[in-house]
Participant: 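Please read through the structure below; I'll follow up with questions.
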Number of protein chains: 2
Amino acid sequence: MPKVLVVDDDANIRELVRLYLEDEGIEVVQKGNGAEALEYTENQPPDLVVLDIMMPGMDGWALCARLRELGDMPVLMITAKGEPADRIKGFKLGTDDYLVKPFDPMELALRVKALLKRYRIAYSQTVRLGDLRLDRKSYHVVNKDGLELTLPMKEFELLYKLGSYPGQLFTRNHLIAEIWGIDYEGDERTVDVHIKRLRERFAGHDSDFRIVTLRGLGYRLEVYRD
Amino acid sequence: MPKVLVVDDDANIRELVRLYLEDEGIEVVQKGNGAEALEYTENQPPDLVVLDIMMPGMDGWALCARLRELGDMPVLMITAKGEPADRIKGFKLGTDDYLVKPFDPMELALRVKALLKRYRIAYSQTVRLGDLRLDRKSYHVVNKDGLELTLPMKEFELLYKLGSYPGQLFTRNHLIAEIWGIDYEGDERTVDVHIKRLRERFAGHDSDFRIVTLRGLGYRLEVYRD
DNA sequence: GGTTATGTTCATATTGAGTTCATACAGTTG
DNA sequence: CAACTGTATGAACTCAATATGAACATAACC
């Protein structure tokens with residue numbers, strides 16, 4: 001899950017951006033000023049920065065350069081200035097893309113995704129399991145013939161998680177922490193039940209994968225074909 | 001109906017682009033080389049140009065500049081080169097957006113639409129749902145037989161939004177942000193009520209679509225026929 | 001002003017995803 | 001091959017999320 005740092009003094013805009021990016025399965029961290037953004041980036045550099053160039057008492061261009069020194073990540077600029085001169089200056093400094101206010105948040109999301117893709121930052125909305133495709137946008141499982149299957153949320157998340165790292169072992173705790181949240185208080189056996197349901201759901205489809213139990217350890221998904 | 005000129009030496013790519021743009025209600029004119037593109041533009045300048053920068057025996061950048069002299073329309077560049085230097089050059093010449101080959105034609109269509117919107121080029125916003133057509137200009141829903149149905153604004157916006165991205169999941173938050181505005185303070189359940197009204201409104205018409213609930217997630221519109 | 005159309009809120013009914021539980025089964029170990 | 005431990009499974013149960021009907025509020029219209 002890629003992490004995007006959004007730097008803007010306007011909390012409304014930050015929230016707007018967060019909403020749209022999170023819908024795309026992108027983690028969003030918000031900072032309201034350059035100092036906080038720099039401090040955060042020093043410790044935990046994000047994968048990409050969305051930066052409003054016009055913030056009070058701050059040189060956005062300098063901030064951009066400093067951020068890139070720290071993390072060397074792509075930066076998408078937001079600017080209210082539409083003058084070509086400014087845009088060019090931004091690009092010279094190494095901005096990777098820009099948007100002019102007021103912008104369509106959907107377009108922002110599209111551009112962020114395009115940047116992540118261009119910079120090959122691990123990010124995929126979809127997971128492929130043989131002929132199956134898990135689409136996180138629609139929570140659909142689609143097979144090659146276009147047959148669709150809608151899974152309940154937990155089942156989908158579980159299969160998606162397992163399928164994201166085929167062959168890798170996941171302990172119940174790990175799965176619970178990822179899907180149910182770190183503060184889940186319920187029974188570990190719940191995972192078993194969802195695994196069971198996934199298994200029987202894909203039993204007839206002479207599957208492209210199977211979920212293997214590692215006794216005493218957890219589960220692992222194995223893909224047959226590719 | 002906006003008109004877009006597509007300039008590329010590869011007829012396959014031109015066709016691909018045409019297909020996707022026409023689906024969006026955009027008229028497409030194709031030219032295979034710069035000379036033809038210039039000649040056409042002199043007489044009937046299009047609203048926007050999609051231009052492949054890498055064509056044999058031709059300086060794409062010069063062509064871009066010449067086209068803009070003639071019509072001063074936005075230009076979307078397609079390029080196989082990903083180097084920053086080239087991108088900057090493109091932007092200096094006044095390119096408004098660009099895509100790197102190989103590109104997702106859907107994304108191209110999205111960007112073209114965004115550009116048209118940004119440049120306030122009249123663009124009838126319609127969405128097709130099977131035999132239904134949602135016309136955002138009149139807030140009318142028209143079926144194949146020409147029967148019209150005027151929806152209340154919120155219902156229309158909701159159906160329009162869902163129908164713009166069929167199959168895609170929309171959270172309530174997302175829908176509220178888009179339709180009611182980011183600072184809407186009201187109840188999330190309001191969305192449910194409008195969904196319900198849409199459902200019963202189109203219940204009898206053995207519909208072209210249906211709105212599916214994804215429990216815990218949101219809603220999704222599914223189209224049956226096309 | 002009266003009337004209708006639209007939008008929102010609220011109370012209640014309904015659903016089904018998620019969880020728990022009891023039991024059966026399977027793998028492991030001495 | 002017991003005895004034990006971990007997992008599978010079917011079914012019951014729970015409860016939050018959604019659907020729904022209706023009241024209410026507000027804007028548009030005549």
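All values reported here derive from a predicted model rather than from experimental measurement. Throughout, protein chains are lettered first and strands after them, A, B, ... in sequence-line order, and every chain is numbered starting at 1.
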Participant: Of the residues in residues 172-187 of chain A, which ones touch DNA chain C at a heavy-atom distance under 4.0 Å?
Facilitator: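 Heavy-atom cutoff 4.0 Å gives Trp180(A), Tyr184(A), Gly186(A), Asp187(A).
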Participant: Can you work out whether Leu214(A) or Val193(B) has the more 5'-proximal nearest nucleotide on DNA chain D?
Facilitator: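 Looking at DNA chain D, the more 5' nearest nucleotide goes with Leu214(A).
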Participant: What is the distance from CD1 of Ile195(A) to P of dT7(D), rounded to the nearest Å?
Facilitator: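 Interatomic distance, CD1 of Ile195(A) to P of dT7(D): 12 Å.
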Participant: State which residue, out of Arg18(A), Lys113(A), Arg136(A), fulfils the salt bridge (charged side-chain N to carboxylate O under 4.0 Å, His left out) condition with Glu24(A).
Facilitator: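 By the salt bridge (charged side-chain N to carboxylate O under 4.0 Å, His left out) criterion, Glu24(A) pairs with just one of Arg18(A), Lys113(A), Arg136(A): Lys113(A).
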Participant: With sequence neighbours excluded, give me every ring pair (Phe, Tyr, Trp, His ring centres under 6.0 Å) pair touching residues 17-57 of chain A.
Facilitator: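 For residues 17-57 of chain A, and leaving out neighbouring residues, the ring pair (Phe, Tyr, Trp, His ring centres under 6.0 Å) pairs sorted by first residue read Tyr20(A)-His174(B).
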Participant: Answer yes or no: are there more than 12 heavy-atom neighbours, outside Arg133(B) itself, under 6.0 Å from its atom CZ?
Facilitator: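 It does not: Arg133(B) CZ has 12 such atoms or fewer within range.
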Participant: With sequence neighbours left out, write down each residue that passes side chain to side chain donor-acceptor pair (under 3.5 Å) with Ser164(A), or none if nothing qualifies.
Facilitator: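 Counting only residues at least two positions away or on another chain, Ser164(A) forms no side chain to side chain donor-acceptor pair (under 3.5 Å).
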Participant: Contact boundaries of DNA chain C with chain A (under 4.0 Å, heavy atoms), 5' to 3'?
Facilitator: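 Range of nucleotides touched by chain A: dA17(C) to dT28(C).
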Participant: Going by the rule salt bridge (Lys or Arg N to Asp or Glu O under 4.0 Å), which residues pair with Glu39(A) if we only count those two or more places apart in sequence or in a different chain?
Facilitator: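 None.
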Participant: Counting any heavy atom closer than 4.0 Å, what does Lys154(B) reach on the DNA or RNA strands: base, sugar-phosphate only, or nothing?
Facilitator: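 The answer is sugar-phosphate, as Lys154(B) gets under 4.0 Å only of primed atoms, P, OP1 or OP2.
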Participant: Rounded to whole Å, how long is the line connecting atom CZ of Arg199(A) with atom C1' of dA8(D)?
Facilitator: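 The distance from CZ of Arg199(A) to C1' of dA8(D) comes to 8 Å, rounded to the nearest Å.
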Participant: Tell me: CG of Leu198(A) to C1' of dT7(D), nearest whole Å?
Facilitator: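 Atom CG in Leu198(A) sits about 16 Å away from atom C1' in dT7(D).
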Participant: Report the residues that fulfil side chain to side chain donor-acceptor pair (under 3.5 Å) with Lys161(B), sequence neighbours left out, ordered by chain and then residue number.
Facilitator: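 Scan of Lys161(B) (side chain to side chain donor-acceptor pair (under 3.5 Å), adjacent residues dropped) gives Glu178(B).
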Participant: About how many Å separate OH of Tyr139(A) and CD of Glu157(A), when rounded to the nearest 0.5 Å?
Facilitator: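 So the CD of Glu157(A) and the OH of Tyr139(A) are separated by 3.5 Å.
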Participant: Return whichever of Thr213(A) or Asp192(B) has its heavy-atom-nearest nucleotide of DNA chain D closer to the 5' end.
Facilitator: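 This one resolves to Thr213(A).
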Participant: For nucleotides 25-30 of chain D, read 5' to 3', which letter fits each nucleotide if B means a protein heavy atom sits under 4.0 Å from the base, S means only the sugar-phosphate is that close, and - means neither?
Facilitator: ------
Participant: Please evaluate the base of dT7(D) for a donor-acceptor partner in the side chain of Arg189(A) within a cut-off of under 3.5 Å?
Facilitator: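 Absent.
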Participant: State which residues pass side chain to side chain donor-acceptor pair (under 3.5 Å) with Arg210(A); sequence neighbours excluded, sorted by chain then number.
Facilitator: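 Side chain to side chain donor-acceptor pair (under 3.5 Å) check on Arg210(A) returns Glu222(A), Tyr224(A).
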Participant: Work out which heavy atom in His140(A) is nearest to a heavy atom in Phe156(A); give both atom names and the distance.
Facilitator: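 Result for this residue pair: O-CE1, 3.6 Å.
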Participant: dT7(D) P sits how many Å from Tyr219(A) OH, rounded?
Facilitator: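 Rounded to whole Å, this separation is 7 Å.
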Participant: Rounded off to whole Å, could you give me the CD-to-P distance for the Glu188(A) and dT7(D) pair?
Facilitator: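 It works out to 9 Å between those atoms.
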Participant: With heavy-atom distances below 4.5 Å as the criterion, would you say the side chains of Val112(B) and Val4(B) are in contact?
Facilitator: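 Yes - at least one pair of side-chain heavy atoms lies under 4.5 Å apart.
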Participant: Distance-only criterion, 3.5 Å: show the donor-acceptor pairs between side-chain atoms of residues 184-191 of chain A and protein atoms not counting sequence neighbours.
Facilitator:
residue, atom, partner, partner atom, Å
Asp187(A), OD1, Arg189(A), N, 2.9
Arg189(A), NH1, Asp192(A), OD2, 2.6
Thr190(A), OG1, Asp187(A), O, 3.1

Participant: Report the residue (Thr190(A) or Arg215(A)) whose heavy-atom-nearest nucleotide on DNA chain C is the more 5′ of the two.
Facilitator: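 So the residue in question is Thr190(A).
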Participant: Take the C1' atoms of the five end pairs on each side of the helix from dG1(C)-dC30(D) to dG30(C)-dC1(D), get both axes, and report the angle to 10 degrees.
Facilitator: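 Inter-axis angle at the ends, rounded: 30°.
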Participant: Provide the closest heavy-atom pair for Asp47(B) versus Pro74(B) in the form atom of the first, atom of the second, distance.
Facilitator: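 Here Asp47(B) and Pro74(B) meet closest at O-CD, 3.4 Å.
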Participant: For Arg66(A), what residues pass the salt bridge (Lys or Arg N to Asp or Glu O under 4.0 Å) criterion, not counting sequence neighbours?
Facilitator: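 If we apply the salt bridge (Lys or Arg N to Asp or Glu O under 4.0 Å) test to Arg66(A), skipping adjacent residues, the hits are Glu69(A).
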Participant: By side chain to side chain donor-acceptor pair (under 3.5 Å), which residues pair with Glu155(A), not counting sequence neighbours?
Facilitator: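 If we apply the side chain to side chain donor-acceptor pair (under 3.5 Å) test to Glu155(A), skipping adjacent residues, the hits are Arg201(A).
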